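Working notes, structure below.
Every value quoted in this text rests on a predicted model; they were computed, and no experiment measured them. We count ligands from 1, going down the list as the structure has it; atoms in each ligand are counted the same way.
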Amino acid sequence: MITLALSKGRIFDETLPLLKAAGIEVAEDPETSRKLILATSRPDVRVVLVRATDVPTYVQYGGADLGVAGRDVLLEHGGQGLYQPLDLRIAKCRMSVAARADFDYAAAVKQGSRVRVATKYTTVARDHFADKGVHVDLIKLYGSMELAPLTGLADAIVDLVSTGSTLKANHLVEVEQIMEISSRLVVNQAALKIKREPIRQLIDIFSNAIEKG
Ligand code: PRT
Ligand code: MG
């Protein structure tokens, strides 16, 4: 049995075509089913639904053999125990610094002032600002970072941006792009040895499907 960990929403939706290329159809729709373990058209493959941030942990400890996780999530997790053979080029976005339109981020940086930055991505943010020599006080949040600058909790945020409409709706401006984000296939290192053939096959099919897509 091969167990694949996916999160509901964009990662599940965008992984489906890759599974299809491998002849794997998921038996149920996670949006309507309450099941957390989904059978597929291949009796030796099943999908487990976990929170996006839990995917690396499931795969690291062997709760799943494979998984799909965003680069953002993998960088915060650290990637220990994970083999990352493939950038699937799905669930694309970027990680950026955003601030209120009336906050002069460039001036604050130039003057060397401390900038209060709220984010869920403290590891990436710490590295980014350290590289740039920007002094920051990081405030760890778990949700709705856009609210932080609006309430005075922070001057700026580090968050994911795709269309930009969330920032716009909250009167925030993207002031710096940190990195491009997409999702990767992650594999448990022990599983790769024990279930080498079927896992290698999946990696090859996904890889060809990405090249075509
Ligand atoms: O939503 P939940 O709390 O359950 O978990 P999650 O947010 O970790 O999961 P999910 O499914 O929302 O995101 C899974 C992965 O998708 C992330 O780890 C990213 O790698 C990737 N991804 C791609 C995104 C986005 N695009 C994205 N736009 N993840 C989140 N967003 C959010 C962003 O945080 C912001 O709130 O969408 C908003 C911005 O979108 P725009 O289009 O308004 O710019
Ligand atoms: Mg989300």
Side-chain (Asn170) to main-chain (Leu172) donor-acceptor, under 3.5 angstrom: no
Shortest heavy-atom approach to atom 2 (P) of ligand 1 - which of Lys92, Lys168, Arg51, Arg94: Arg51
Would you be so kind as to tabulate the donor-acceptor pairs closer than 3.5 Å made by side chains of residues 111-118, with sequence neighbours excluded?
{"residue": "Ser113", "atom": "OG", "partner": "Ala108", "partner atom": "O", "Å": "3.3"}
{"residue": "Arg114", "atom": "NE", "partner": "Asp137", "partner atom": "OD1", "Å": "3.1"}
{"residue": "Arg114", "atom": "NE", "partner": "Asp137", "partner atom": "OD2", "Å": "3.4"}
{"residue": "Arg114", "atom": "NH2", "partner": "Val136", "partner atom": "O", "Å": "3.3"}
{"residue": "Arg114", "atom": "NH2", "partner": "Asp137", "partner atom": "OD1", "Å": "3.2"}
{"residue": "Arg116", "atom": "NH1", "partner": "Gly152", "partner atom": "O", "Å": "3.1"}
{"residue": "Arg116", "atom": "NH1", "partner": "Leu153", "partner atom": "O", "Å": "3.3"}
{"residue": "Arg116", "atom": "NH2", "partner": "Asp155", "partner atom": "OD1", "Å": "3.1"}

Checking contacts here: is it the side chain or the backbone of Thr163 that comes within 4.0 Å of ligand 1, counting heavy atoms only? Could be both or neither. both
Under the side chain to side chain contact (heavy atoms under 4.5 Å, CB included) test, residues paired with Ala52 that sit two or more places apart: Ser7
In terms of heavy-atom contacts, does NZ of Lys110 have more than 12 from other residues, nucleotides or ligands at under 6.0 Å? no
His128 side, atom NE2; Thr123 side, atom OG1 - distance, nearest 0.5 Å: 14.5 Å
Does Gly9 reach ligand 1, in the sense of a heavy atom lying below 4.0 Å from it? no
Any nitrogen or oxygen of Ser162 lying under 3.5 Å from a nitrogen or oxygen in ligand 1? Just yes or no. yes
Region of Ile181 that comes within reach of ligand 1 [heavy atoms, distance under 4.0 Å]: side chain
Using only atom types and a distance under 3.5 Å, with no angle test, would you say the side chain of Lys120 pairs donor to acceptor with the backbone of Asp159? no
Answer side chain, backbone, both or neither: which part of Thr166 comes under 4.0 Å from ligand 1, heavy atoms only. both
Does any N or O in the side chain of Asp65 come within less than 3.5 Å of the main-chain N or O of Thr3, such that one atom is a donor and the other an acceptor? yes
Closest candidate by heavy atom, reference atom 16 (O) of ligand 1, pool Lys120, Arg10, Lys8, Glu76: Arg10
If you measure every N or O of Arg71 against every N or O of ligand 1, does any of those distances drop under 3.5 Å? no
So with a 6.0 Å cut-off around CZ of Phe206, is the heavy-atom count from everything else above 12? yes
Which ligand 1 atoms are under 4.0 Å away from a heavy-atom of Gly70? 20 (O)
Would you say Gly164 contacts ligand 1, with heavy atoms under 4.0 Å as the rule? yes
Where does Thr53 meet ligand 1, judged by heavy-atom distances below 4.0 Å: at the side chain, the backbone, both, or neither? neither
For ligand 1, is there an N or O atom under 3.5 Å from any N or O atom of Ile11? no
Answer yes or no: is there a donor N or O on one side and an acceptor on the other, between the side chain of Ser96 and the main chain of Ala98, under 3.5 Å? no
Any N or O of Asp72 that comes nearer than 3.5 Å to an N or O of ligand 1? yes
